[in-house]
2 protein chains.
Amino acid sequence: MTNIKKVSELAGVSTATVSRTLKSPELVTEHTREKVMKAVQQAGYRPNWLATSVKTGRSNSIVVLVPNLVNPFFMRIIEGIEQGAQEKGYSVLLGDTQGKASREHEYASMVLTNRADGLIQLDHSFPFSANDAALAEKVPMVSVCERIEGERRYPFIELDNYAAGRALTHHLISYGHSRFGIIAGQRTSQIHHDRLAGIKSVLKEEGIDFADNMLVGGSYRIETGIEGIQQLFDRDVPVPPTAVFCFNDDIAVGALYELKRRGLRVPQDVSITGFDNVKVSAYMDPPLTTVDQPAYEMGRRAVDVLAQLINRQPLQRTREILPFQLLERGSTGPVKI
Amino acid sequence: MTNIKKVSELAGVSTATVSRTLKSPELVTEHTREKVMKAVQQAGYRPNWLATSVKTGRSNSIVVLVPNLVNPFFMRIIEGIEQGAQEKGYSVLLGDTQGKASREHEYASMVLTNRADGLIQLDHSFPFSANDAALAEKVPMVSVCERIEGERRYPFIELDNYAAGRALTHHLISYGHSRFGIIAGQRTSQIHHDRLAGIKSVLKEEGIDFADNMLVGGSYRIETGIEGIQQLFDRDVPVPPTAVFCFNDDIAVGALYELKRRGLRVPQDVSITGFDNVKVSAYMDPPLTTVDQPAYEMGRRAVDVLAQLINRQPLQRTREILPFQLLERGSTGPVKI
DNA sequence: CTGTTAGCGCATTCAC
DNA sequence: GTGAATGCGCTAACAG
């Protein structure tokens, strides 16, 4: 292990001077700087990051809790987080929670043991165990694309899900639809409620009924889309929906698959909408009408906010609602007469 | 900051005893253990992980270099890495390189500064800068699903790409195909050469010609699939291919999209194959014939090997070639007469 | 501008 | 079985 002491001996200076040369070169004569740099080069010296961190009390790492790595939407957010983190000098510790509380607790505790300086939560749960809740009081934490339930003290960055729900509904109504189904993802989350409320508000305004049993689903997976269609079209309801809201693109992919399998045409027989604007959604047959979320920007913004929290800087605002974009593509069309 | 000293005072013991109680409880009387644990509880003490790490010289972290986070195949590997790492007590630092050498250098250097104990490379390049190459000599590094070019000293875990290429070719030939196109991903990588060699070996055995200009593409993206089809079907070649090998599922998605857009039916007019068995590939219309890679297991295995390297344990073998599985689905069929 | 000194928080000798 | 002392590698205060 080549350490600072060896370099200092090699350069014929003190360890402090070596440290200074590397961290604040302007505090050092050009002459010594050259001497030191030469020794650094020669010894192949790299400062031990662990030691620096103990000393400064900062790990310069952040941990990201994500329920599912294989979801391209989350990964796009994490790309943004990574980019933002890198620019600010943070490393990203990946916390794949699989949606399990125990794993959330484990990863969240990293910030309690100085392994990370802050936490970004992509899921909607409060990630600390009951045991750690007290310790977690002052932990820098931000949630992005979701909102931590029952916790008003943590900032969040999310989409205007309510407005997006309204926009999707208006879009479908403009095509003449009046019988709707919904295949939802996680039903306990705040964004679920927002989207649902957005949809229902328009239906109410338009005097359209929505029966509770037309809301199915419960997770953001392709299989949920398949099962959702089965439930919506198999039951004894005399009139199946002519349009189905899917609460993410994966669900929509499953729904599209299952509708086709049943010989139903999209959008001639049934219109469907997705959510997130995942890359493949544009290349489906037909391409999915969906809501674009600025995932990458959300990730970057989350790092900005987290960094301010870590540095105890005041936040301008604690909640950021980002605009969405409705992408009208081929999976929606006029209602069948 | 509640540190070990506070706890020791609270428990009326020395700091050494607190440390022992937490790390090796068996070295301590039950009586003192209880005393200490109570104090730990009461103080809400969590050992500072940074300090522990400086002391032991181990960060218990590994860094994973991945060229693209949005590719579900890579993410499946990383799921496996995460799981394996967690079981072995390692944390995963995410290094999204975007395929850029500068970012690779930056992330790879983490293992030079004790920020990580080892490195898993998912891409095919030697990730250290020329400057760091000497220092990197003894760095624990493993590559998975690719092979680090020109470096024989690092172990790798990968698929039998040669055999997979052969299997795909046999499959298509059994359907009567004899005019092939290939849309490749990164052409410089070892796995590219292996797959290509596999395909060509069968063609040669069967006496089938393959013109060099039927190999197109250059990156693992949907757009590459689209452009690839354009190149293969637009050129002045009198006879376009009846079957196209796509070197991953994303490319196949693009190819499928573009073929349909041109009014060509899959598989009636053109057969296509993917690679990786990404989740959505099964739900395309038609579902993609593809090669399943045991991505999750590859990730787990990579951690096993890396851990052995970190602990300077001898490796049984330095190169692991895993079996693949050919999934025959709807995107391949008999050649059109 | 540079060197000396004193820790950061913890783990590990070595005595007892 | 436990405590006192030492040091991991580095940075920050203070002198000079």
Side-chain angles (χ1 to χ4, degrees), chain A residues 1-40 43-61 89 109-117 135, chain B residues 1-40 43-61 89 109-117 135:
Chain A
M1 180 50 52
T2 150
N3 55 19
I4 199 170
K5 198 169 167 205
K6 253 185 218 144
V7 177
S8 72
E9 287 166 1
L10 206 68
V13 298
S14 74
T15 61
T17 302
V18 176
S19 176
R20 271 192 289 259
T21 310
L22 262 28
K23 303 287 164 182
S24 332
E26 69 278 6
L27 297 181
V28 145
T29 324
E30 192 175 330
H31 176 63
T32 30
R33 200 182 323 160
E34 281 171 6
K35 247 188 346 190
V36 171
M37 290 315 281
K38 209 171 109 189
V40 165
Y45 170 68
R46 307 292 291 255
N48 182 321
W49 170 85
L50 287 169
T52 307
S53 292
V54 199
K55 196 53 191 144
T56 61
R58 291 263 180 129
S59 71
N60 286 313
S61 300
S109 74
M110 289 178 144
V111 73
L112 300 174
T113 57
N114 290 48
R115 194 161 188 165
D117 298 335
L135 297 173
Chain B
M1 182 48 52
T2 150
N3 56 18
I4 199 170
K5 198 167 168 209
K6 254 183 216 145
V7 177
S8 73
E9 288 165 1
L10 205 67
V13 298
S14 72
T15 61
T17 301
V18 176
S19 176
R20 272 193 285 259
T21 309
L22 263 28
K23 303 288 163 182
S24 333
E26 70 278 6
L27 297 181
V28 143
T29 323
E30 192 175 329
H31 177 61
T32 31
R33 200 183 321 161
E34 279 170 9
K35 250 191 338 194
V36 171
M37 291 315 281
K38 209 171 110 189
V40 165
Y45 171 67
R46 307 292 290 257
N48 183 321
W49 170 84
L50 288 169
T52 306
S53 293
V54 199
K55 200 50 193 145
T56 61
R58 292 266 179 126
S59 71
N60 286 312
S61 301
S109 73
M110 288 177 147
V111 73
L112 266 21
T113 58
N114 289 47
R115 194 160 188 166
D117 298 334
L135 297 174

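All chains are named by letter (A, B, ...) in the order of the sequence lines, taking the proteins before the strands, and each is independently numbered beginning at 1. These numbers were taken from a predicted model, which means no experiment stands behind them.
- Chain A approaches DNA chain C within less than 4.0 angstrom (heavy atoms of the protein), and the contacting nucleotides run 5' to 3' from dC1(C) to dC8(C).
- Heavy-atom minimum distance, Leu10(A) versus Ala43(A): CD2-CB, 4.2 Å.
- Scanning both residues, Pro25(B) and Thr21(B), for their nearest heavy atoms gives CG-O, 3.4 Å.
- Between the OH atom of Tyr45(A) and the CG atom of Leu112(B) there is a distance of 12.5 Å, given to the nearest 0.5 Å.
- Regarding Glu9(B), its CD atom lies at a distance of 12 Å from the P atom of dA4(D), rounded to whole Å.
- Taken to the nearest 0.5 Å, the NZ atom of Lys55(B) stands 13.5 Å off from the CG atom of Leu50(A).
- Among residues two or more places apart in sequence or in another chain, the salt bridge (Lys or Arg N to Asp or Glu O under 4.0 Å) test is passed with Arg20(A) by none.
- Computed from C1' positions of five pairs at each end, the angle between the two local axes of the helix from dC1(C)-dG16(D) to dC16(C)-dG1(D) equals 40°, rounded to 10 degrees.
- Checked by atom type and distance alone, the side chain of Ser53(A) pairs as donor or acceptor with a backbone atom of Arg58(A) at under 3.5 Å.
- For the OP1/OP2 pair of dT2(D) and a distance below 4.0 Å, the side-chain nitrogens and oxygens of Ser14(B) include no atom meeting the criterion.
- Proximity of a side-chain donor or acceptor of Ser19(B) to a complementary backbone N or O of Thr15(B) within less than 3.5 Å is not detected.
- How far CE of Met37(A) is from CG of Leu22(A): 6.0 Å, rounded to the nearest 0.5 Å.
- Of all the heavy atoms in Ala11(B) and Ala39(B), the pair that sits closest is CB-CB, 3.7 Å.
- Nearest heavy-atom pair, Ala116(B) versus Ser59(B), reported as atom, atom and distance to 0.1 Å: CA-OG, 3.3 Å.
- Less than 4.0 Å separates DNA chain D from at least one heavy atom of each of the following residues of residues 24-33 of chain B: Leu27(B), Val28(B), Thr29(B), Thr32(B).
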With sugar-phosphate taken as primed atoms, P, OP1 and OP2 and all else as base, the protein-contact string of nucleotides 10-16 of chain D at under 4.0 Å (heavy atoms; B, S, -) is BBBB---

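- When the side chain to side chain contact (heavy atoms under 4.5 Å, CB included) test is applied to Lys35(A), the partners found at least two apart in sequence or on another chain are Val13(A), His31(A), Thr32(A).
- Looking at Asn114(B), its side chain never comes within 3.5 Å of a backbone N or O of Trp49(A) through a donor-acceptor pair.
- Among all heavy-atom pairs drawn from Arg115(B) and Ser61(A), the shortest one is NH2-OG, 3.8 Å.
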